[in-house]
Amino acid sequence: MYVNILLTIGFAATSPTPAPATPDCACATARVDNGWCAACKVGYVAGFRIPSHALFEALDAHGHDINPASIKCESCKKALETDGFCEKCRMGFLRGKAYVSRLNYHLAHGKIRSRADIKCSACKANAAKYGWCDVCKVGMVGHVALADKRHYEPAAREAEILVRAIALAEKCELCAAAMVLDGKCPRCKIEYKDGKAAAKKSP
Ligand SMILES: [Zn+2]
Ligand SMILES: [Zn+2]
Ligand SMILES: [Zn+2]
Ligand SMILES: [Zn+2]
């Protein structure tokens, strides 16, 4: 539209080339903020590269501000007070924020470390996926460092499911989303539990 106006009033010859329609690459910040880069069509959670918007959305890698009065579930109320996790609602709480996945609840307890800052080679290797380093007494899940095994171990389990879901997204993005949510793919009608396809039930 802008270009057309320029053409009609005769500025076309001297006007700079119009900005490309595609947005600029935001991967550098997206990697740190668990964000989405619209230019590359790729999202990031804990540094894991997620080339599926449906899967990225399903991961919901952010804490949510909550109104404590709106919480009806007793176990959630307790979890909110104790920075715990409600197994029934699959929702965790930390410092008054709600995390709607086990992965993000546990990751929220850690600290982001950039690859350049990691001196230990074992930790650096762990950061490529996940792993515990006995020398440093710290676990890495992607680029998130977790010093407490009570948070590292469940986060690593969830990261393994995430790695599988990323691979699955090539076949069906909705299956990948269902896998991380313990849900059902509306297209393939496959149910997932703990990162695995559940045995098909007869109708
Ligand atoms: Zn990008
Ligand atoms: Zn609950
Ligand atoms: Zn180490
Ligand atoms: Zn599917």
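Reckoned from all heavy atoms, side chains included, excluding hydrogens, waters and symmetry mates. One-based numbering, in listed order, for ligands and for the atoms of each.
Residues L59 and Y99 do not share a hydrophobic cluster, defined by chaining ILVMFWY side chains whose heavy atoms lie under 4.5 Å apart.
Listed by chain and number, the protein N, O or S atoms at a distance under 2.8 Å from the Zn ion (ligand 2) are C73 SG, C76 SG, C86 SG, C89 SG.
Put simply, the side chain of R164 gets close to the backbone of G195: a donor and an acceptor are under 3.5 Å apart.
The angle C136:SG - the Zn ion (ligand 3) - C120:SG amounts to 110°, with values rounded to 10 degrees. The angle subtended at the Zn ion (ligand 3) by SG of C133 and SG of C123 is 110°, given to the nearest 10°. In this structure, SG of C185 and SG of C172 enclose an angle of 110° at the Zn ion (ligand 4), rounded to 10°.
A heavy-atom distance below 4.5 Å is not found between the side chains of P154 and Y105.
The residues D194 and K196 are annotated as not salt-bridged, no charged nitrogen and carboxylate oxygen being separated by less than 4.0 angstrom. Between E81 and K78 there is no salt bridge, since none of the side-chain N atoms of the basic residue sits less than 4.0 Å from a carboxylate O of the acidic one. Electrostatic pairing of D182 and R90 counts as a salt bridge here, judged by a charged N lying under 4.0 Å from a carboxylate O.
The two residues Y44 and I50 come nearest to each other via the heavy atoms C-CD1, 4.4 Å.
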